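Bear in mind the structure is a predicted one, so any value in this text is a computation, not a measurement. Chain letters run A, B, ... following the sequence lines, proteins first and then strands; every chain starts at 1. Side chains included, hydrogens not; waters and symmetry mates left out as well; all remaining heavy atoms used.
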Amino acid sequence: MMVTVDGRQLEVPAGTPVGQVAAQLGLRALAGRMGGRLVGLDEPVKEDTSLELLDFCTPAGREVYRHTASHVLAHAVRRLFPGVKLAIGPAIEDGFYYDFEVARPFTPEDLAAIEQEMARIVAEDWPIQRQIMQRDQAIEHFRLADEPYKVELIEDLPEDVAISCYRQGDFLDLCAGPHLPSTGRLGAFKLLTTAGAYWRGDERCPMLQRVYGTAFERAEDLEKHLFNLEEQKRRDHRRLGRELDLYSMHEEGGAGLVFWHPRGALVRQLIEDFWRKVHRERGYDILYSPHIAKVDLWKTSGHWSWYKDSMYSPVKIDEAEYLLKPMNCPFHILIYQTQTRSYRELPLRWAELGTVYRYERSGALHGLLRVRGFTQDDAHLFCRPDQLEDELVGVVDLAEFMMKTFGYHSYDVMLSVRDPERRDKYIGDDRVWEQAEGALLGALRRKNLDYVVGEGEAQFYGPKIDITLKDSLGRGWQGPTIQVDFNLPERFDLGYMGEDGTLHRPVMIHRTVLGSMERFFGGLIEHYAGAFPLWLAPVQAVVIPIAQRHAGYAQEVLAALKGAGIRVEVDLRNEKVGFKIRWHEVQKVPYMLVVGDREMESQSVSVRERGGGDRGRLGVQELAAELLPKAGLPL
RNA sequence: GCUCACAUAGCUCAGUCGGUAGAGCGCGUCCUUGGUAAGGACGAGGUCACCGGUUCAAUCCCGGUUGUGAGCUCCA
């Protein structure tokens, strides 16, 4: 048989297992992809084929590895908890999990015991063997074994597929595979947490107990991963928000409602100032609208019937029902409708930092990232169909500029279009959809952006672009979204007078760049680990006098830098320099300016940058001149 | 919303097998006037989240409420 691996051709006898092919080539592998199919190392070569060998560096290789880890987990739980029923146990992004139905939830002690049992199973090095079963035979087997979830899974498999199971010692599990050749191949693993999880992710189904874990080939990689998890905790915006005195939330105030402290509010103001400036420069007008309005508006828009459950209940005022606004769009539409618009004045670009309230399920709330009251950086563009693509380019360009300014340099773009099979799920005629999808596509091409297409991911009222930001730890954050909307112009019967003297329907673009001030701020805190760049730092510099007799001079320095427009404070506390340096390092102040006798004499300051050591003396004006270009809004 | 866990000083947490509590940091006062990541002493701070129940007695046990955390999507 001729096997092609990575361009190299190798002649092997028929039936040679993939693992042996790898060995002959001197390559390490956990699994293979033969003729496009994922296979285990024991899979025999039966025909001339191409073969890709997968090691831990490949996503598929990691998946096989961690999937085996999940089986070892299930094996261990089965040994320790007789009567447990197994559900599913896949590999996930950074590890694996397995769901169990068990009499009582697992405790941390259980986790440690399970981990030990897993180590035993690894040491016992059971071969893992694939076994094909007839459908009936498989159902019968799992029914006898009292594994109702497995039976249900098999029953849901298509009639004509072979049912594969994997056996390691006395443990047999339904599984598509592939797996590592034996349990002994598992290196470093750790169980991390337990949590409840619904069977099939459906809240009407029974709640199972999920055990999460992760696994790596090498102990040092596991250590690195665990360290990374610690780093994420260290950067947690909820922790930094308190430590840096940025914001708080209160049981007395209500869940999901944010209280911005002076420093957090200052950062927000800087973000908003920058936002306004950018928008004005790019031809946007800025609007304000009420926080509450008659519910009929949302009935007209269609949101009421669709999102009623996530809105705050209406209040009755003078016989009319008023709603705390969950979105801004109808308000901008009302403003649009105050005049007969002409094709000459389109596009209209209207933006608002609009505070909205949405009832999020209590379990979904999370710090600043998922809240019930938040301020969207919302905008609606009303344009003619022929202007759509140019407008989209403008929006993408603006989004890109804003993201870069806030230090996000890498992001993923998804273009969400209709499901071609289910055109009935969407409103608007084909021609308009094609035009809109074409315009979004054209905009992405003109911006030279890589993107993936999400078929069937479009909203019912139009296609959209979603951008996911990558932060400094490589984690994804929901970023700008740009939606094309045919629905609202229709529902509110919007029109503009065309060149031909008849009324035409405008197209609306909904877009947000930052998302919400709350969530964006939360993400920014984690992205910078609280150490904001100079222009965003609530306190840019602090003057640190060495002894009481330097206080006067410190005040002079303070006044001079304040006069120059730097956000500066002075630390006059009766403490030593070391204490104050530490304090302001922890507070992540970008510049510390130490003043003592030498500085007083030479009318200078000793500069210490955040995270660095003593930089030496600098004249006050000299320092101001150095800081100013970086200290203001980045424009 | 659901499952599980948690809620003790401003913060981080210890503690009481049921007899109303403690540390460190922070805060205040004093001493110290110190040159680049924590100088020292003293002091003030708690209805042990809230509401009920059991008990001679509840911060502790039980129930409820509120809030917080992890998870509930990544397909045998």
Chemist: C1' atom, B:C61 versus B:C75: distance in rounded Å?
Modeler: 44 Å
Chemist: Classify the nucleic acid contact of A:G596 as base, sugar-phosphate or nothing, counting any heavy atom under 4.0 Å across all strands shown.
Modeler: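 A:G596: base contact, heavy atoms under 4.0 Å.
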Chemist: If we ignore hydrogens and angles and just use 3.5 Å, is the side chain of A:R617 paired with the main-chain N or O of A:S606 as donor and acceptor?
Modeler: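 No; zero donor-acceptor contacts below 3.5 Å.
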Chemist: What protein N or O atoms touch nucleotides 46-51 of chain B N or O atoms at under 3.5 angstrom, if any, and at what distances?
Modeler:
none

Chemist: Sticking with atom P, work out how far B:U8 lies from B:C72, rounded to a whole angstrom.
Modeler: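 Looking at atom P only, B:U8 and B:C72 are 27 Å apart.
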Chemist: Report which part of the nucleic acid A:R549 touches: base, sugar-phosphate, or nothing (heavy-atom distance under 4.0 Å, all strands).
Modeler: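 Touches sugar-phosphate only.
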Chemist: Mind listing the N/O atom pairs, protein and nucleotides 73-76 of chain B, below 3.5 Å?
Modeler:
| residue | atom | partner | partner atom | Å |
| --- | --- | --- | --- | --- |
| B:U73 | OP2 | A:G201 | O | 2.4 |
| B:C75 | OP1 | A:A91 | O | 3.3 |
| B:A76 | O3' | A:L174 | O | 3.3 |
| B:A76 | O2' | A:L174 | O | 2.0 |
| B:A76 | O2' | A:C175 | N | 3.2 |

Chemist: Considering only the P atoms, how many Å lie between B:G10 and B:A44, rounded to the nearest integer?
Modeler: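 To the nearest whole Å, 16 Å.
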Chemist: If you take any heavy atom closer than 4.0 Å to RNA chain B, which residues from residues 223-250 of chain A end up in contact?
Modeler: A:R238, A:R242
Chemist: Parallel, tilted or perpendicular: which describes the rings of A:F56 and A:Y65, with under 30° parallel and over 60° perpendicular?
Modeler: perpendicular
Chemist: Among residues 127-137 of chain A, which ones have heavy-atom contacts with RNA chain B below 4.0 Å?
Modeler: none
Chemist: Measure the acute angle between the ring planes of A:Y98 and A:F100, then classify it against the limits of 30° and 60° as parallel, tilted or perpendicular.
Modeler: parallel
Chemist: With rounding to the closest Å, how many angstrom separate the P atoms on B:A37 and B:A49?
Modeler: 40 Å
Chemist: Taking it one step at a time, do A:W260 and A:F521 satisfy ring-ring contact (aromatic ring centres under 6.0 Å, His included)?
Modeler: CA-CA 11 Å; A:W260 298 72; A:F521 184 44; 5.1 Å; yes
Chemist: Would you check if A:M592 and A:E609 make a side-chain contact, meaning some heavy-atom pair closer than 4.5 Å?
Modeler: no
Chemist: Can the ring centres of A:Y166 and A:H179 be said to be less than 6.0 Å apart?
Modeler: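 Ring centres of A:H179 and A:Y166 closer than 6.0 Å.
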Chemist: Using the P atom as the point on both nucleotides, what is the distance between B:C50 and B:A21, in whole Å?
Modeler: 16 Å
Chemist: Answer with base, sugar-phosphate or nothing: what part of the nucleic acid does A:V594 contact at a heavy-atom distance below 4.0 Å?
Modeler: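 Counting heavy atoms under 4.0 Å across all strands, the contact made by A:V594 includes a base.
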Chemist: When all nucleic acid strands are considered with a 4.0 Å heavy-atom cut-off, which category describes A:E599: base, sugar-phosphate, or nothing?
Modeler: base
Chemist: Determine the Euclidean distance between corresponding P atoms of B:U29 and B:G53; express it in Å to zero decimal places.
Modeler: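 Per the computed distance, 46 Å lies between those P atoms.
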Chemist: Does A:G367 reach a base, just sugar-phosphate, or nothing at all? Heavy atoms under 4.0 Å.
Modeler: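 The answer is sugar-phosphate, as A:G367 gets under 4.0 Å only of primed atoms, P, OP1 or OP2.
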Chemist: Mind checking which stems touch RNA chain B? I mean at least 3 consecutive Watson-Crick or G-U pairs, both distances under 3.5 Å.
Modeler: B:1-7 with B:66-72, B:10-13 with B:22-25, B:27-31 with B:39-43, B:49-53 with B:61-65
Chemist: Between the protein and nucleotides 23-32 of chain B, are there any N/O to N/O pairs under 3.5 Å, and if so, what are the atom names and distances?
Modeler:
| residue | atom | partner | partner atom | Å |
| --- | --- | --- | --- | --- |
| B:C31 | N4 | A:N574 | ND2 | 3.3 |
| B:U32 | N3 | A:N574 | OD1 | 3.3 |
| B:U32 | N3 | A:N574 | ND2 | 3.3 |
| B:U32 | O4 | A:N574 | OD1 | 3.2 |
| B:U32 | O4 | A:N574 | ND2 | 2.2 |

Chemist: Please check if the side chain of A:T68 supplies one atom and the backbone of A:L180 the other of a donor-acceptor pair under 3.5 Å.
Modeler: yes
Chemist: When rounded to the nearest Å, what value does the distance between C1' atoms of B:C74 and B:C60 take?
Modeler: 43 Å
Chemist: For the side chain of A:A255, starting at C-beta, report the closest nucleotide among B:U68, B:G1, B:A70.
Modeler: B:U68
Chemist: A:I581 has a side chain; which of B:C2, B:U36, B:G1 sits nearest to it?
Modeler: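 Selected nucleotide (nearest to the side chain): B:U36.
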Chemist: Would you indicate which nucleotide in B:G71, B:A37, B:U36 comes nearest to any side-chain atom of A:S606?
Modeler: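 The closest nucleotide is B:U36.
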Chemist: Under the side chain to side chain donor-acceptor pair (under 3.5 Å) test against A:E526, which residue among A:Q232, A:R238, A:H237, A:R235 passes?
Modeler: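 When A:Q232, A:R238, A:H237, A:R235 are each tested with A:E526, the side chain to side chain donor-acceptor pair (under 3.5 Å) holds only for A:H237.
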Chemist: Roughly how many Å apart are B:G15 and B:U3, using the C1' atom of each and rounding to a whole number?
Modeler: 29 Å
Chemist: Round to the nearest Å and state the distance from A:D571 atom CG to B:A37 atom P.
Modeler: 15 Å
Chemist: Base, sugar-phosphate or nothing for A:D156? Non-hydrogen atoms, less than 4.0 Å.
Modeler: nothing
